[in-house]
Amino acid sequence: MTGPAEIELGAATLLVTGAASGIGAALARRFASAGIGAAYLVDVDEPGLAEVAAHCADAGVRCEHAVVDVRDADALRGAFDAAQALTGTLEFVHNNVGIMTGFPAFPETPLELMDRVLAVNLRSVLLGVQFALPRMGPRGGSILNTSSLAASITMPADPIYASTKAAVSHFTRCCVPLARKQGVRINALCPGVVDTAILAQNEHPQYQPKRSADALAEQGFALLRAEDVAAVAFEMLTDPQLTGELRIVGNERLDPAP
């Protein structure tokens with residue numbers, strides 16, 4: 001199969017959801033630095049999107065962005081159409097958006113909050129892959145879904161979030177044969193605890209009085225930087241031999257005090 005790494009980046013198009021901050025924003029900037037031809041950025045945070053898009057445009061990227069709630073299937077489909085229209089093809093897709101459940105914690109979590117997490121974390125990824133595959137041209141393509149380390153460990157603090165990420169991981173592997181028929185690769189990124197805005201969703205004085213960074217530090221680990229995780233995402237998206245991999249990016253141990 002012809003892999004995306006064999007495609008000249010300057011002629012390729014990238015779509016990223018959750019692109020206004022964190023891993024998505026860092027990945028968009030990394031692709032811009034590498035010379036991607038076009039990028040379409042999606043998020044609900046318009047100011048953040050505009051800032052990242054401006055950075056990409058300054059790097060010479062033909063960049064557009066749209067405020068899209070990924071729970072809206074029609075709006076998300078429209079974003080994929082608009083991304084493809086930039087150059088006529090779509091080579092790189094990062095289904096990255098995700099949220100934690102927040103509070104009240106399970107089992108007191110109301111149904112509407114469960115539905116929101118399922119729609120954002122899982123349903124949007126199913127749709128993202130469904131919309132990406134027919135829009136990837138004869139040169140092939142590459143899809144990366146953001147799962148989590150929580151998909152493969154016990155996470156009693158947020159079992160709903162962890163379950164959606166486990167589903168993303170399994171869905172990704174199930175799609176490998178389907179994607180391969182079109183010359184498309186599909187992988188999942190499984191980071192540990194990353195220093196992004198999502199952490200604030202699971203910090204509550206009643207249930208978790210400590211910040212996530214402090215709790216992690218007490219266990220001897222440091223938060224991951226979004227830029228470091230994005231570097232792995234870039235590698236996975238552009239490696240022509242990589243498909244069907246669930247790559248864990250774990251938190252590194254803190255250096256012991258001297």
Side-chain angles (χ1 to χ4, degrees), residues 16-34 43 45 48 51-52 55 94-106 109 117 120-121 125 144-170 172-173 187-239 242 245-258:
V16 182
T17 65
S21 62
I23 299 168
L27 181 69
R29 293 189 178 101
R30 189 170 185 93
F31 264 98
S33 299
D43 206 300
D45 175 9
E51 181 180 346
V52 178
H55 174 93
H94 188 190
N95 294 308
N96 171 66
V97 67
I99 59 172
M100 299 189 80
T101 308
F103 297 94
F106 191 81
T109 310
V117 178
V120 172
N121 289 5
V125 175
L144 182 65
N145 300 325
T146 297
S147 180
S148 171
L149 177 61
S152 56
I153 63 172
T154 301
M155 189 179 180
D158 195 342
I160 299 170
Y161 169 84
S163 297
T164 62
K165 292 302 186 179
V168 167
S169 291
H170 192 62
T172 300
R173 279 187 166 162
N187 297 283
L189 177 68
C190 306
V193 186
V194 188
D195 188 9
T196 68
I198 194 175
L199 293 184
Q201 293 179 275
N202 250 29
E203 292 175 356
H204 189 284
Q206 180 180 351
Y207 300 100
Q208 188 172 312
K210 298 175 183 176
R211 294 187 309 116
S212 297
D214 296 332
L216 195 64
E218 287 184 359
Q219 299 175 44
F221 293 94
L223 287 174
L224 289 164
R225 297 192 321 137
E227 293 78 10
D228 295 333
V229 179
V232 178
F234 179 85
E235 176 190 341
M236 295 182 75
L237 277 163
T238 57
D239 182 344
L242 194 67
E245 179 167 336
L246 310 180
R247 182 171 299 182
I248 292 174
V249 184
N251 295 86
E252 294 185 358
R253 286 197 171 275
L254 292 167
D255 293 332

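Numbers here are sequence positions counted from 1. Worth saying up front: this structure is predicted, and the values here are computed from it rather than measured.
Nearest approach of V52 to A20, heavy atoms of both residues: CG2-O, 3.8 Å. Scanning all heavy atoms of the two residues, the minimum distance from M155 to Y161 falls at SD-CD2, 3.8 Å. Counting all heavy atoms, side chain and backbone alike, M236 lies closest to E245 at CE-O, 4.0 Å. Between A222 and L254, the shortest heavy-atom contact is CB-CD2, 3.4 Å. Taking all atoms of both residues into account, the shortest heavy-atom contact from L189 to P191 is O-CD, 3.3 Å.
Rounding to the nearest 0.5 Å places CG of L149 at 12.0 Å from NZ of K165.
Residues forming a salt bridge (Lys or Arg N to Asp or Glu O under 4.0 Å) with E235 (at least two apart in sequence, or on another chain): R247. Contacts of T17 classified as side-chain hydrogen bond (donor to acceptor under 3.5 Å, both in side chains), with partners at least two apart in sequence or in another chain: none. Taking the side chain to side chain contact (heavy atoms under 4.5 Å, CB included) definition, one finds that A167 meets it with L122, sequence neighbours left out. Qualifying side chain to side chain contact (heavy atoms under 4.5 Å, CB included) partners for A32, counting only residues two or more places apart in sequence or in other chains: C56, A59, V61. Legend: residues meeting salt bridge (Lys or Arg N to Asp or Glu O under 4.0 Å) with D228, ordered by chain and number and at least two apart, are R225. The side chain to side chain contact (heavy atoms under 4.5 Å, CB included) check on A34 picks up L9, F234, with sequence neighbours excluded.
When side chains are defined from C-beta on, L237 counts as touching L27, because their heavy atoms get closer than 4.5 Å. Within the 4.5 Å cutoff, no side-chain heavy atoms of N121 are placed close to those of V168. Counting heavy atoms from C-beta outward, C190 and S169 have side chains that approach closer than 4.5 Å. S147 has its side chain out of reach of L246: every pair of non-hydrogen atoms, C-beta onward, lies at least 4.5 Å apart.
Formation of a donor-acceptor pair under 3.5 Å by the T109 side chain with backbone atoms of P104 is found in this model. Distance alone, capped at 3.5 Å, places no donor-acceptor pair between the N187 side chain and the L144 backbone.
The one candidate from N145, D43, T146 that meets the side-chain hydrogen bond (donor to acceptor under 3.5 Å, both in side chains) condition with N96 is T146.
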